[in-house]
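Okay, so here's the structure we're looking at.
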Amino acid sequence: MKKVGIAGYGSTKFSKNKIPIEELLVESTKQVFQTTSNLSQNLIDGVIVSTNDNSKYLGAIVSERSGIKPKISHTIEHLCSSGTNAVISAFSYIASGLADVILVTGGDVIGNPGQVLEWDQSRGELNHPIYWGSIFTKAYKRKFNTTEEELAIVSAKNHKQAIDNPNSYSHEPYTISQIMNSKIITDDLRILDCSYPCSGSASVLLASENIIKKFTDTPIWISGIGQKTNSASFTKNDLLNLSSTISASNDAYAMSNTNSNDIDVAEVHDAFSVCELMAVKDLGLTEKSSSTEFIRNLFNTGDRKINPRGGLIGAGHPLGATGISQIIEITQQLQNNAEKRQIPNVKKGLVHNMSAAATSSTVLILES
Amino acid sequence: MNKFETELKNGNFIVSECIDCKQIIWPTSDFCNICHNTTKWRNTNNLGIIIEFSKKNDEFFGLIEVEQNLRVMGKIVTDKIPEINQKVILKECSFNKTPKFIFKTITN
């Protein structure tokens with residue numbers, strides 16, 4: 001199996017503006033060409049699109065608009081984790097030798113129907129994500145006696161970190177008090193506990209070890225991959241554990257011959273504040289303390305180890321772009337290129353991307 | 001609309017059950033996801049327990065376990081704050097683009 005690394009990337013700003021999906025995808029793709037050395041269209045073997053948009057034939061459209069005539073071209077949809085799923089497909093093509101260079105571009109437009117899973121009869125009429133987010137939060141508060149302040153710290157930390165992310169939709173430095181007094185959604189969720197669906201696109205260029213040095217002197221390798229799908233319906237979930245995340249992370253750590261103690265930085269899927277508290281525990285990142293103590297300590301010390309770009313809560317959540325944007329952040333951290341967000345001495349990073357109330361999860365390990 | 005949706009609209013909560021291994025297959029399906037035999041429709045007993053709940057505006061909602069392998073999200077009608085494991089009965093069900101379930105608490 002060939003080694004596969006990240007050779008380049010590009011991203012639009014995430015926003016509340018309605019922009020056609022084709023324009024978004026082409027914009028972040030254009031940035032890959034503008035910022036990657038020696039990249040020309042004829043070197044790209046594949047174009048894979050990640051989106052929940054209903055537009056058809058986007059792989060071919062992005063290719064034509066970008067002047068690429070790829071051998072491989074298609075779209076991947078897997079709700080909120082479409083981005084990491086598309087990257088794993090690209091990884092597989094390259095690792096197997098079917099391709100050497102693949103562009104993965106993902107995005108979504110605010111208001112797209114992808115945030116609601118209509119198939120799931122078990123959600124009844126309560127099919128908006130706020131309902132499963134409320135049930136997860138209530139169960140977590142009941143089990144761990146978690147306070148509203150402890151939940152608000154997650155959001156305050158991520159909004160604070162998003163200020164230094166030029167592509168985030170929000171640059172508001174919300175205080176804990178502002179978050180705790182923000183609009184009530186349910187008894188267990190405030191509006192600032194929720195990630196915000198928005199418009200945006202992110203792209204990465206993946207390349208094999210045979211050619212990657214042509215594009216970058218600092219390739220970032222994908223050394224571990226884990227995925228798990230338990231179900232599609234929310235009501236089969238364990239409410240206190242992200243069991244798909246536990247399974248996916250075990251596989252990713254094993255593949256990369258590493259463990260959670262070696263992770264210097266992580267992008268985790270904070271669809272709601274409680275998801276970050278659950279994720280850091282289930283990824284094994286909090287073995288010496290509770291999740292709430294761990295996150296409070298990061299917030300108080302300004303340590304950006306978890307969600308340095310601001311997470312989904314701070315940066316925004318254009319579903320098809322999210323996993324790719326997480327990968328770009330960890331890549332920049334590993335290349336010591338994250339500007340104000342840079343964490344010192346980063347050697348290994350983790351990406352955690354989930355779909356549909358954690359019914360499925362993806363975990364990636366990246367290293368320099 | 002399929003049979004599940006039509007029956008739900010008529011106020012009957014029916015589920016699919018494997019004719020061989022007797023497992024409830026939920027969400028409903030024409031075949032069993034364990035042994036792949038066909039399923040038959042049967043009524044539920046309309047009784048359940050509250051697994052977890054929250055509240056939006058003035059309405060409680062929650063995750064209700066009706067039978068083994070059969071949990072649904074629905075609204076909860078009650079005079080008091082619900083309790084975990086509290087018994088509920090299906091008060092109303094319907095279908096309009098999505099299923100709709102309303103449960104009523106039963107005093108333990």
Side-chain angles (χ1 to χ4, degrees), chain A residues 113 115-146 148 151 182-191 193-194 229-241 243 272-275 278 356-359, chain B residues 1-9 13-16 23-29 33 44 48-76 81-85 90-103:
Chain A
Q115 63 180 313
V116 174
L117 180 58
E118 292 176 347
W119 175 86
D120 188 1
Q121 294 170 341
S122 73
R123 297 192 196 193
E125 63 186 316
L126 311 177
N127 59 5
H128 193 281
I130 60 163
Y131 292 103
W132 69 255
S134 298
I135 294 296
F136 265 15
T137 303
K138 184 64 166 286
Y140 193 89
K141 285 160 71 176
R142 189 185 304 283
K143 171 74 176 177
F144 298 106
N145 294 318
T146 308
E148 290 192 10
L151 285 161
S182 64
K183 182 182 173 186
I184 294 171
I185 302 298
T186 68
D187 269 14
D188 297 290
L189 281 183
R190 300 268 175 170
I191 188 76
D193 288 317
C194 309
T229 296
N230 285 333
S231 66
S233 48
F234 158 66
T235 57
K236 292 191 171 130
N237 260 331
D238 177 351
L239 298 182
L240 293 169
N241 296 294
S243 60
F272 299 98
S273 299
V274 74
C275 297
M278 297 170 83
T359 50
Chain B
M1 294 202 298
N2 61 32
K3 185 174 175 67
F4 167 75
E5 295 165 354
T6 303
E7 288 292 318
L8 206 63
K9 194 164 186 174
F13 182 14
I14 61 169
V15 291
S16 49
Q23 287 282 330
I24 289 178
I25 309 305
W26 175 249
T28 56
S29 172
N33 61 7
T44 62
I49 58 168
I50 297 172
I51 301 299
E52 191 52 272
F53 66 90
S54 182
K55 189 173 154 190
K56 181 169 171 47
N57 300 325
D58 294 327
E59 290 185 319
F60 286 100
F61 64 90
L63 179 60
I64 309 296
E65 183 166 283
V66 179
E67 296 183 38
Q68 192 176 8
N69 297 328
L70 179 55
R71 291 181 173 188
V72 300
M73 291 283 284
K75 292 181 178 172
I76 302 169
I81 296 173
E83 296 173 15
I84 300 299
N85 291 326
L90 185 66
K91 178 175 178 286
E92 182 185 336
C93 62
S94 186
F95 188 90
N96 181 13
K97 293 183 182 172
T98 65
K100 178 180 179 181
F101 302 102
I102 302 176
F103 294 89

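Order of the sequence lines fixes the chain letters, A, B, ..., with proteins taken first and strands second; residue numbering starts at 1 for each chain. Quick caveat: nothing in here was measured; it's all calculated off a predicted structure.
Once rounded to the nearest 0.5 Å, the distance linking CD of A:Q121 with CG of B:L8 reads 8.5 Å. One finds the CG atom of A:L126 at 10.5 Å from the NZ atom of B:K56 (value rounded to the nearest 0.5 Å). Atom CD of B:E52 sits about 10.0 Å away from atom NZ of A:K141, to the nearest 0.5 Å.
When each of A:L189, A:T137, A:T186 is checked for a side chain to side chain contact (heavy atoms under 4.5 Å, CB included) with B:S54, only A:T186 meets the rule. Applying side chain to side chain contact (heavy atoms under 4.5 Å, CB included) to A:E125 and the options B:M73, B:K75, B:K97 leaves one that passes, B:K75.
Scanning residues 61-68 of chain B against chain A with a 4.5 Å heavy-atom cutoff picks out B:F61, B:G62, B:L63, ordered by number. Of all residues in residues 229-238 of chain A, those placing a non-hydrogen atom less than 4.5 angstrom from a non-hydrogen atom of chain B are A:S233, A:F234, A:T235, A:K236, A:N237.
Closest heavy-atom contact between A:W119 and B:P27: CH2-CG, 3.7 Å. What you find for B:R71 and A:S122 is that their closest heavy atoms are O-CB, 3.6 Å.
The part of A:L239 that comes within reach of chain B is its side chain, from C-beta onward, which places non-hydrogen atoms under 4.5 angstrom from that chain. Residue A:I184 does not touch chain B at all, counting heavy-atom pairs closer than 4.5 Å.
Considering only residues two or more places apart in sequence or on other chains, B:F4 meets the ring pair (Phe, Tyr, Trp, His ring centres under 6.0 Å) condition with B:W26. Residues passing the side chain to side chain contact (heavy atoms under 4.5 Å, CB included) test with B:S16, sequence neighbours excluded: B:I25, B:T28, B:T39, B:W41.
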